[in-house]
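See structure below.
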Amino acid sequence: MHCTDTETHVARKAHRCMSCGELIAVGDKYNRWRCYDSGDAGTVKMHPECYTAHCESAEGLGGGPWEFSPYSHQRGSAA
């Protein structure tokens, strides 16, 4: 699997956070990256605080790439 670098965008339309499942409203910042695996492609969009929570959790496991179950986490705490 290959994933692109994470980019920060401002929502021009409503999206759903792939981590917590809550709304990313128009005008909100969000993190986005794309993944490619054996001909399949997907785009992941997350609140910045959800993305940070996953990254911090991965640091406790040695860092590096991490996986998550879509729509199954509580929203991270805003900084």
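Since the model is a prediction, treat every value here as computed from it, not as a measurement. Heads up: numbering here begins at 1 and tracks the sequence.
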[X]: partners by side chain to side chain donor-acceptor pair (under 3.5 Å), with sequence neighbours left out:
X: Q74; value: none
X: H73; value: none
X: T52; value: none

**Prompt:** Apart from Y30 itself, what residues make up its hydrophobic cluster when side-chain heavy atoms of I, L, V, M, F, W and Y under 4.5 Å apart count as a link, directly or indirectly?
**Reply:**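 I24, which link up through side-chain heavy atoms under 4.5 Å apart, make up the rest of the cluster.
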
**Side-chain hydrophobic cluster, 4.5 Å single linkage: members besides V10** =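 Members alongside V10: none; it stands by itself.
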
For [X] against [Y], the heavy-atom pair lying closest together:
X: A41; Y: Y36; answer: CB-CD2, 3.7 Å
X: Y51; Y: N31; answer: CB-OD1, 3.8 Å
X: A11; Y: A25; answer: CB-O, 3.4 Å

**Prompt:** Would you say L23 and V26 are hydrophobically clustered, going by side-chain heavy atoms of ILVMFWY under 4.5 Å?
**Reply:**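 No; V26 is not reachable from L23 via cluster members.
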
**Request:** Scan for salt bridge (Lys or Arg N to Asp or Glu O under 4.0 Å) pairs involving residues 23-41, sequence neighbours excluded, and state none if there are none.
**Result:**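 Of all non-adjacent pairs touching residues 23-41, those that pass salt bridge (Lys or Arg N to Asp or Glu O under 4.0 Å) are E7-R32.
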
Once you round to the nearest 0.5 Å, how far does [atom1] of [X] lie from [atom2] of [Y]?
X: S19; Y: E49; atom1: OG; atom2: CD; answer: 9.5 Å
X: S69; Y: M18; atom1: OG; atom2: CE; answer: 10.5 Å
X: H47; Y: R75; atom1: NE2; atom2: CZ; answer: 3.5 Å

**Prompt:** Which residues satisfy the salt bridge (Lys or Arg N to Asp or Glu O under 4.0 Å) test with R16, sequence neighbours excluded?
**Reply:**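 Partners of R16 by the salt bridge (Lys or Arg N to Asp or Glu O under 4.0 Å) criterion come out as none, since no residue qualifies.
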
